[in-house]
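See structure below.
Numbering of ligands and ligand atoms starts at 1, following listing order.
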Amino acid sequence: MAASYDCGRCPAYCCSYPRVIVSKRDLKRLARHFGLDLETARRRFTKKGEKKGERVLRHRKDHIYKSVCRFLDRQDRSCTVYEARPKICRQYPGEPACGYYDFLSFERRAQEDPEFIPSA
Ligand code: SF4
Ligand code: SF4
């Protein structure tokens with residue numbers, strides 16, 4: 001079924017999720033992408049998650065959402081490590097619809113502004 005959302009028209013809300021889990025395999029891919037050793041990549045790109053042993057992507061401040069993944073280009077709202085992004089990012093949203101995109105589309109229609117971005 002065709003996707004009913006268009007990430008190109010969204011300011012990457014899903015990249016503001018604080019818990020983007022990075023597996024060992026994901027970390028290896030990121031390390032290879034940047035030509036780094038695993039430990040350096042782990043320290044530089046990830047931090048402790050809420051569950052024991054879990055690593056999640058680091059964030060930085062953002063002008064739309066409170067913070068976003070460190071790999072998001074904050075101007076054009078695209079992933080700067082697209083080819084090397086974690087598996088969870090590849091799978092999201094995992095269905096033909098995206099709840100946030102539905103909300104965004106509704107707000108844009110209500111505001112009669114196709115570029116409207118609801119404040120976080
Ligand atoms: S929140 Fe939905 S529409 Fe926006 S970038 Fe993520 S998957 Fe795409
Ligand atoms: S790695 Fe890319 S797709 Fe995944 S959260 Fe970060 S910016 Fe978004």
Side-chain angles (χ1 to χ4, degrees):
M1 194 190 289
S4 66
Y5 57 93
D6 179 357
C7 298
R9 300 205 19 79
C10 171
Y13 177 71
C14 52
C15 301
S16 74
Y17 292 167
R19 190 166 174 240
V20 177
I21 296 171
V22 180
S23 68
K24 189 133 192 210
R25 195 170 179 182
D26 292 327
L27 194 59
K28 276 188 190 161
R29 198 185 305 108
L30 281 168
R32 197 168 51 241
H33 181 77
F34 287 98
L36 295 170
D37 62 82
L38 214 54
E39 185 49 30
T40 306
R42 196 179 84 94
R43 265 188 283 110
R44 196 173 293 177
F45 305 143
T46 71
K47 62 180 184 179
K48 270 187 193 164
E50 58 192 49
K51 288 199 178 154
K52 194 165 184 266
E54 178 179 282
R55 303 295 294 183
V56 299
L57 287 177
R58 287 185 183 276
H59 270 214
R60 55 186 176 175
K61 281 191 179 152
D62 185 47
H63 58 286
I64 297 179
Y65 306 113
K66 193 173 156 221
S67 70
V68 286
C69 170
R70 70 184 306 290
F71 292 126
L72 186 73
D73 181 315
R74 287 170 294 182
Q75 293 313 310
D76 76 12
R77 315 303 293 181
S78 66
C79 178
T80 59
V81 292
Y82 193 76
E83 296 302 324
R85 70 199 189 285
K87 187 177 174 194
I88 201 169
C89 304
R90 294 161 195 268
Q91 294 174 332
Y92 193 84
E95 50 189 75
C98 166
Y100 182 78
Y101 195 78
D102 290 345
F103 162 71
L104 186 64
S105 302
F106 174 84
E107 289 292 326
R108 285 176 173 174
R109 280 194 302 274
Q111 302 291 332
E112 297 181 354
D113 177 358
E115 306 301 324
F116 180 74
I117 295 172
S119 51

### Query
atom 4 (Fe) of ligand 2: which protein heavy atom is closest, and how many Å away?
C89 SG, 2.3 Å
### Query
If you count the atoms of ligand 2 from 1 in the order shown, which ones are under 4.0 Å from a heavy atom of L57?
1 (S), 6 (Fe)
### Metal proximity, C79 vs atom 2 (Fe) of ligand 2, N/O/S cut-off 2.8 Å
yes
### Task
Show which atoms of ligand 2 fall inside a sub-4.0 Å distance from at least one heavy-atom site of P86.
1 (S)
### Message
Are Y17 and Y92, when compared by the centres of their aromatic rings, separated by less than 6.0 Å?
### Response
yes
### Query
For atom 8 (Fe) of ligand 1, which protein heavy atom lies nearest, and how many Å away is it?
C7 SG, 2.4 Å
## Note on the structure
Within 4.0 Å of some non-hydrogen atom of C10, the atoms of ligand 1 are 1 (S), 3 (S), 4 (Fe), 5 (S)
### Query
Going by the angle between their ring planes, with limits at 30° and 60°, are Y100 and Y65 parallel, tilted or perpendicular?
perpendicular
### Task
Using a strict 4.0 Å cut-off to heavy atoms of F71, name the atoms of ligand 2 that fall inside it.
7 (S)
### Query
Which ligand 1 atoms, with their elements, are less than 4.0 angstrom from a heavy-atom of Y101?
3 (S)
### Query
Can you name the nearest heavy-atom pair linking Y101 to D6, along with the distance?
CE1-O, 3.3 Å
### Query
Would you say R60's side chain and F71's backbone share a donor-acceptor pair under 3.5 angstrom?
no
### R90 with D26: basic N within carboxylate O range, under 4.0 Å
no
### Query
Using a heavy-atom cut-off of under 4.0 Å, does the side chain or the backbone of C14 touch ligand 1, or both, or neither?
both
### Query
So, C69 and atom 8 (Fe) of ligand 2: N/O/S under 2.8 Å, yes or no?
no
### Summary
Heavy atoms of F116 and R108 approach each other most closely as O-NE, 2.8 Å
#### Entry: Closest heavy-atom pair and its distance - L38, A31
CD1-CB, 4.2 Å
### Task
Report the nearest protein non-hydrogen atom to atom 2 (Fe) of ligand 1: residue, atom name, distance rounded to 0.1 Å.
C98 SG, 2.4 Å
### Query
Looking at K47, K24, R19, which one forms a salt bridge (charged side-chain N to carboxylate O under 4.0 Å, His left out) with E54?
R19
## Note on the structure
For L72, the ligand 2 atoms with a heavy-atom partner under 4.0 Å come out as 7 (S)
